[in-house]
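Let me begin by presenting the structure, written as structure tokens, before commenting on it.
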Amino acid sequence: MLSFSRARSQGRNTRPLGGGMEYLEPKRKSNVMGKIILVVSLTALCIFMLKHASSFTSPTAFSRSEDGVTHVLVTGGAGYIGSHAALRLLKDSYRVTIVDNLSRGNLGAVKVLQGLFPEPGRLQFIYADLGDAKAVDKIFSENAFDAVMHFAAVAYVGESTLDPLKYYHNITSNTLVVLEAVARHKVKKLIYSSTCATYGEPDKMPIVEVTPQVPINPYGKAKKMAEDMILDFSKNSDMAVMILRYFNVIGSDPEGRLGEAPKPELREHGRISGACFDAARGVIPGLQVKGTDYKTGDGTCVRDYIDVTDLVDAHVKALEKAKPRNVGIYNVGTGKGRSVKEFVEACKKATGVDIKVDFLPRRPGDYAEVYSDPAKILRDLNWSARYTNLQESLEVAWKWQKTHPHGYASS
Ligand SMILES: O=c1ccn([C@@H]2O[C@H](COP(=O)(O)OP(=O)(O)O[C@H]3OC[C@@H](O)[C@H](O)[C@H]3O)[C@@H](O)[C@H]2O)c(=O)[nH]1
């Protein structure tokens, strides 16, 4: 049989096919013998490829874990939390497919990941909207996912009160599309990004997983609806489900590769961390603290700030420990509440900037105080937050912010 090296030495073109195989361009003017050899070689190549189909699939069709590598679909993987999760999964040798419509996420984050993991079969990015059920089904048909981590969602409490239909549609309808695809294609595991906002404003702190969920804003209500859809579906399914209720996520990759880069046009709805950094950089004149008359120690809202590195660690643990026909619901927080005023002081120290602060009336949709009891996740998944120093988490995030004044557009 004609070897590829000999073909090359004869000046003939070859190109990689993946899996260590190459496509051999036929000689233009060959004799009959040459043609026979070529046909035999290509037939042998085809048989070999069919037998080892998973190694030769195109870049838009990754395989399931038959080759020992678990394939995880990360929806919203171009976003802040999704990109950090994808990085962690890739570091842990998972195969990752990111699906994102880039409405809130950044292509720059995907490019960073592609630069870090360029090897074939590690990471693919598919630009698609989860609202497009046909496109989603095609993605599931062309790939074989072992697990889905469903991060993609709009996620600003303030915005949800101003544009509730966007939230109800994006969060519930898109989750339904994902669930239908998961069911049709028999994906074994689902890890869902839920939120402390589903609890609303409970009477008793800290919040445990059985604390009644009485959300008070459209964001929390839509997330609760999505949880309910997943729970109802899971009752007659073999799927392993983990629902993670995040508290307030901060920080960024300690190695400075990824960060939080919200869209500038959404700044008015932005989270406290983004607003603090924008104020420290001088992009906005100062930080607006929204509400000082809450029944809390200093009158500002209390939140439980969880570092994104810890959060993605919880996802990997959830993925590893998810069991068929089982649902795990976990709070992901530090167990410690900090007021907005405390947050601002920590941010001033972390950035070294004496941020100007203005005090404004309450923001609609806000609840006074939430912090988690993280005992259940420690007991079941052996997870606890390690980065619990608020200032240190903000210092790490600030480093990325300073080197990326225009977000990923700076890279
Ligand atoms: O500019 C700002 C932004 C926020 N805040 C205050 O800071 C506190 C935290 O607000 P954020 O918008 O950062 O976060 P929220 O608590 O509203 O929700 C956040 O945590 C739960 C997640 O699931 C949500 O996706 C996330 O947005 C609130 O009291 C808010 O009013 C300000 O005072 N000024």
Side-chain angles (χ1 to χ4, degrees), residues 155-158 160-161 167 171 192-232 234 241-250 271-273 289-307 310-311 314-315 317-318 326-346 361-390 393:
Y156 293 135
V157 165
S160 82
T161 63
Y167 275 70
I171 293 171
Y192 183 61
S193 304
S194 190
T195 166
C196 61
T198 60
Y199 293 113
E201 203 157 21
D203 300 332
K204 259 176 80 182
M205 286 293 134
I207 294 175
V208 287
E209 287 78 358
V210 292
T211 295
Q213 289 174 289
V214 191
I216 63 164
N217 53 52
Y219 171 63
K221 289 178 190 174
K223 282 279 178 179
K224 164 88 170 65
M225 288 177 187
E227 277 195 15
D228 287 343
M229 290 191 301
I230 295 169
L231 292 174
D232 283 341
S234 70
V241 177
M242 290 286 194
I243 292 175
L244 302 182
R245 294 183 185 146
Y246 316 162
F247 284 67
N248 288 58
V249 189
I250 53 159
R271 301 186 318 125
I272 185 83
S273 46
V289 168
K290 296 166 183 169
T292 52
D293 59 348
Y294 288 97
K295 283 188 187 148
T296 58
D298 64 19
T300 62
C301 291
V302 170
R303 298 287 184 270
D304 180 346
Y305 293 97
I306 174 79
D307 194 291
D310 282 329
L311 179 68
H315 280 76
K317 290 207 158 82
N326 241 285
V327 181
I329 300 178
Y330 297 102
N331 287 339
V332 192
T334 64
K336 208 170 160 190
R338 272 106 164 194
S339 73
V340 170
K341 278 187 181 163
E342 283 179 277
F343 186 96
V344 174
E345 285 314 306
R362 292 181 180 198
R363 185 178 71 176
D366 273 345
Y367 27 84
E369 181 177 50
V370 289
Y371 58 92
S372 70
D373 178 343
K376 187 182 175 201
I377 191 166
L378 173 63
R379 193 183 62 230
D380 291 2
L381 306 187
N382 194 26
W383 176 92
S384 63
R386 287 180 301 154
Y387 300 93
T388 53
N389 183 315
L390 181 56
S393 290

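Note: hydrogens, waters and symmetry copies are ignored here, and every other heavy atom, side chains too, is used. Numbers here simply count residues along the sequence, with the first being 1. Just so you know, these numbers come straight off a predicted model, no measurement behind them.
Here Asp304 does not pair with Lys336 in a salt bridge; the nearest charged N to carboxylate O distance is not below 4.0 Å. Taking 4.0 Å as the cut-off between side-chain N and carboxylate O, Asp228 and Lys224 count as a salt-bridged pair.
Annotation: the span from Asn248 atom CG to Arg338 atom CZ amounts to 11.5 Å, rounded to 0.5 Å. Interatomic distance, Asn331 CG to Tyr199 OH, rounded to the nearest 0.5 Å: 3.5 Å. Note that OG of Ser384 is 9.5 Å distant from CD1 of Ile377, once rounded to the nearest 0.5 Å. A distance of 6.0 Å separates OG in Ser160 from OH in Tyr167, rounded to the nearest 0.5 Å. We find the OG1-CD1 distance between Thr300 and Ile272 to be 8.5 Å, quoted to the nearest 0.5 Å.
Across Cys196 and Tyr367, no two heavy atoms sit closer than the pair SG-OH, 4.1 Å. When every heavy atom of Gly333 is checked against every heavy atom of Ala385, the shortest pair comes out as O-CB, 4.3 Å. Between Pro364 and Thr161, the shortest heavy-atom contact is O-CG2, 3.6 Å. The shortest heavy-atom contact between Pro202 and Gly200 is CD-O, 3.3 Å. The two residues Ile306 and Val332 have their closest heavy-atom pair at CG2-O, 3.9 Å. Shown here for Val157 and Gly365, the closest heavy-atom pair between the two residues is CG1-O, 3.7 Å.
Here the side chain of Ser339 pairs a donor or acceptor atom with the backbone of Glu342 at under 3.5 angstrom. Checked by atom type and distance alone, the side chain of Lys223 pairs as donor or acceptor with a backbone atom of Ser193 at under 3.5 Å. Formation of a donor-acceptor pair under 3.5 Å by the Arg362 side chain with backbone atoms of Asp293 is found in this model. Proximity of a side-chain donor or acceptor of Glu227 to a complementary backbone N or O of Ile243 within less than 3.5 Å is not detected. Between the side chain of Trp383 and the backbone N or O of Ala318 there is no donor-acceptor pair closer than 3.5 Å. Ser194 places no side-chain N or O within 3.5 Å of a backbone atom of Arg245 that could act as its donor or acceptor partner. For Lys221 (side chain) and Val214 (main-chain N/O), no donor-acceptor pair under 3.5 Å exists by modelled atom type. A distance-only check finds a donor-acceptor pair linking the side chain of Arg271 to the backbone of Val249 [under 3.5 Å]. Between the side chain of Asp310 and the backbone N or O of Arg386, at least one donor-acceptor pair lies under 3.5 Å.
Using a 3.5 Å distance cut-off with no hydrogens or angles, the side chains of Tyr156 and Asn217 do not pair a donor with an acceptor. With 3.5 Å as the limit, one finds a donor-acceptor pair spanning the side chains of Ser393 and Asp307. Judged purely by distance below 3.5 Å, without hydrogens or angles, the side chains of Gln213 and Thr198 pair a donor atom with an acceptor atom.
The six-membered or imidazole ring of Tyr330 lies away from that of His315, with a centre-to-centre distance of 6.0 Å or more.
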Requested in this report: Could you give me the CA-CA distance, side-chain angles and deciding distance for Val289 and Val344, then say whether side chain to side chain contact (heavy atoms under 4.5 Å, CB included) is met?
Outcome: CA-CA 9 Å; Val289 168; Val344 174; 4.2 Å; yes
Requested in this report: Report the C-alpha distance between Met242 and Tyr192 in whole Å, list the side-chain angles of each, state the deciding distance to 0.1 Å, and finish with yes or no for side chain to side chain contact (heavy atoms under 4.5 Å, CB included).
Outcome: CA-CA 6 Å; Met242 290 286 194; Tyr192 183 61; over 6 Å; no
Query raised in the report: Under the side chain to side chain contact (heavy atoms under 4.5 Å, CB included) criterion, do Tyr294 and Asp366 qualify, and how do the steps go?
Result: CA-CA 10 Å; Tyr294 288 97; Asp366 273 345; 3.4 Å; yes
Query raised in the report: Given Ile329 and Val327, is the side chain to side chain contact (heavy atoms under 4.5 Å, CB included) satisfied, shown in steps?
Result: CA-CA 7 Å; Ile329 300 178; Val327 181; 4.1 Å; yes
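Considering only heavy atoms from C-beta on, Ile207 comes within 4.5 Å of Val370 through its side chain.
Judged by the 6.0 Å and 45° rule, Arg303 forms no cation-pi pair with Phe247.
Taking the six-membered ring for Trp and thresholds of 30 and 60 degrees, Phe343 and Tyr305 have ring planes inclined between 30 and 60 degrees apart.
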